[in-house]
Q: 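First the structure, which I've put down as structure tokens, then a few questions once you've had a look.
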Amino acid sequence: MELVMAHESDLNLKATELRLGLPGSDECEKMFSSAKNNKRASPEMAEDSSGSKGSSDVKSVEHETAPAPNVSDGRAQIVGWPPVKSYRKNNLQQNKTEGDQSGMFVKVSMDGAPYLRKIDLKLYNGYSELLKALETMFKLTIGEYSEREGYKGSEYAPAYEDKDGDLMLVGDVPWDMFMSSCKRLRIMKGAEARGLGGAFS
Amino acid sequence: MDPEPKKPEDSPSNSANSHAPVQPPSPFPDEVLEKVLSFIDSHKDRSSVSLVRKDWYNAERWTRSKLFIGNCYSVSPEIVARRFPRIKSITLKGKPRFSDFNMLPRDWGANVHSWLVMFAKVYPFLEELRLKRMTVTDESLELLAKSFSGFKALSLSSCDGFTDIGLKAIASHCRNLTELDIQDSVTEDVGGGWLSCFPENFASLEVLNFASLNSEVSFDDLERLVSRCKSLRVLKVNESITLDQLQRLLVHAPQLLELGTGSFLQELTPRQYEDIESAFSNCKNLQILSGLWEANSLYLPVLYGACAGLTFLNLSDAPLQSGEFAKLLAHCPNLRRLWVVDTVEDKGLEAVGSCCPLLEELRVFPADPYDRHHRDGVTELGFLAVSRGCRNLHYVLYFCRRMTNAAVVTIVQNCPDFTHFRLCIMTPGQPDYLTNDPMDEAFAAVVKTCTKLKRLSVSGLLTDLTFEFIGKYAKNLETLSVAFAGNSDWGMQCVLEGCPKLRKLEIRDSPFGNAALLSGLKKYEMMRSLWMSDCNVTMKGCRLLAREMPRLNVEVIMDEESDESQADKVYVYRSVAGPRRDAPPFVLTL
């Protein structure tokens, strides 16, 4: 099966390889070896480079190809799969990046890390997605949120600086309020992190 | 033109009876027969009636006023015009369904124009036209607008090819228009000026749906239009309409049965909030609600007052979180149909199970179909929860990232009345995530338990066994969709040799080859169509099929890069019109 990777530099290719079964279940591959599937990925995949151009192209429906994705996790994409109607894909995915090209980028710092990262808050639909993304980006676990006790279960706690310059715990306010008031994110570690959560319990 | 064309004494007939021996005279005079037949609406019944004897065929064709053509290439405008002299309402469907997923090249066909030219000549009293998956140009819309003085209803579903210009023609010239319904428009940048072209005294609109058109319209003109159309019962606006604008529209049209809101994201003053809340509460007849772009927990509560009578809630454009979703659901006890995005997660579906006992249809769409943000979506647990609480469930479309055989077995035990079971496990060929087994057992349970099953979409890791079961048990199955499944020709053969009511079969990326294709020789004439893409079918196999079955159109869509012996995309359908005359160069009719 042809695999097309967009960004290969520091990815664990085997883990992200598009396979027709769970990793390790090689029989699945044998079952499909007889199916001709050389052109599974869209021709546009091979040339995919500039993600943002790709995403604005998606809005103009190209009948020949699947939309060129912003493939930063190295996965190839199959034309017409999953079977979601073009207009619907556009509404859910591209509304975030297409209509308002500016994005909502905030800096993310992690205690102890030498440099900061930047993320676009508009890409996420809620706290769970944001936290998952942070966990992936910084290779850590953030723990369970509770109103009373903040984040339990790990030594990290996500915090943010709001419009007034105050340091707040991520998750206390409704998502939209957070999106409009968050100026920058900070992943706190160790004692300081515990302090934020337990202070008022 | 004479609205009552005289019947020729010996009207030419396309029926199978044309060479039959002379039949005994009918016990009924023609007028009686025609009167009786005029009460028959269903096109299937009419089809049966027309096959009884020649005079019934004739009586039926003179009394038919509604035409349904499921595949525009199965018949030609000329044949239709010859057979049916008095048509007022037409439904015409074009491209195969996989075109929705970008699997058909641009300019494949299904252009409505040649049909409209015929309609303009033969059916000047045409009132309704409903098109699905067809290409409709501005020229066609202009022709439509000018050819039928009594034209009332235009419905375009998943159509492309038109712009502002065509819609302007409709708005300006169709004086008796009651319905303009544009769903799932594939066309980009249509422009919004058309809405302002309805004449000042035009007030007959009952249905207006432009939710899937992107461009801004003039709100003032929309408001005036809505306030004068007192019979308006369906209004679905697009995202450009804001919440406070919506409030003004609702004040003019509290009688609405169906509402599609615009954008739900706006900073409202407390006064505006109250106003819109009160406007919604005044919509006592609301049954169907959609739109709600960017709705969030802050403003969803304005809806609550309108939810008591809701039977269909379409949240497919509003990815909600489970908490706000559950709160909304608590106000919608009468839901029969629910469409949601999988951001509600299993927790949200648990709320569905508890709040919506009358639910009959559930569709769960993926927020992140390409898994770019590693969102969880829904799992087998959510589906189970719904099946426990909603025993009347008979239609499901479920996109998920994991499923188990055991869950599906339980689900169909809870809800044995499924007529439509469309399960999409998004990773191709994925097994039961707990046992690592193929998902054969799941679909076996579906076809064995759900005897009324008419439509089935399978997914996950599937062997030929699944298809053996389908062929053996799915006696009422009409539509089957297959992707990345099966082991060998045997699987597809089982389906073609079983499933007596099969009408549409669409298969992609599965190891079925010529033997499988050819095993359905006799069957394809009883079906509407077969689609096979990226399987193991070759040109040789297709040519053989075409040779053996002259009344089938066997079309191969050529890909630029493909090997010339492989038939990458095959579309087979029965037709009395012969091969397409408008096929583009990349479509080969064999």
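Worth knowing before you read on, the calculation uses all heavy atoms, side chains too, and leaves out hydrogens, waters and symmetry mates.
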Q: Please report the shortest heavy-atom distance between A:Val79 and B:Asn102, naming the atom on each side.
A: CG1-O, 4.0 Å
Q: Quick one, A:Glu129 and B:Asp368 - any side-chain contact, counting heavy atoms below 4.5 Å?
A: no
Q: Taking C-beta and beyond as the side chain, do A:Trp81 and B:Cys424 meet within less than 4.5 Å on heavy atoms?
A: yes
Q: Taking atom CD of B:Gln321 and atom OH of A:Tyr127, what is their separation to the nearest 0.5 Å?
A: 10.5 Å
Q: What heavy-atom pair brings A:Ser128 and B:Glu345 nearest, and what distance separates the two atoms?
A: OG-OE2, 4.3 Å
Q: What part of B:Phe399 gets closer than 4.5 Å to chain A, counting heavy atoms only: side chain, backbone, both or neither?
A: side chain
Q: Is there a side-chain contact between A:Val84 and B:Pro366 (heavy atoms, below 4.5 Å)?
A: yes
Q: Shortest non-hydrogen contact from B:Met103 to A:Gly80?
A: CG-CA, 4.4 Å
Q: Do any of residues 137-145 of chain A have a heavy atom less than 4.5 Å from a heavy atom of chain B, and if so, which, in residue order?
A: none
Q: Measure the shortest side-chain to side-chain distance between B:Ser297 and A:Trp175 over non-hydrogen atoms and say whether it is less than 4.5 angstrom.
A: no
Q: Do the non-hydrogen side-chain atoms of A:Lys132 and B:Asp376 ever get within less than 4.5 Å of each other?
A: yes
Q: So, taking the atom named CG in B:Asn296 and the one named CG in A:Asp176, what distance separates them when rounded to the nearest 0.5 Å?
A: 4.0 Å
Q: Are any non-hydrogen side-chain atoms of A:Ile78 and B:Pro428 less than 4.5 angstrom apart?
A: yes
Q: Chain A heavy atoms under 4.5 Å from B:Ile425: which part of the residue, side chain, backbone, both or neither?
A: backbone
Q: I'd like to check the side-chain hydrogen bond (donor to acceptor under 3.5 Å, both in side chains) partners of B:Thr538; sequence neighbours left out, ordered by chain and number.
A: B:Asn514
Q: Measure B:Ser158 against the heavy atoms of chain A and call it side chain, backbone, both or neither at under 4.5 Å.
A: side chain
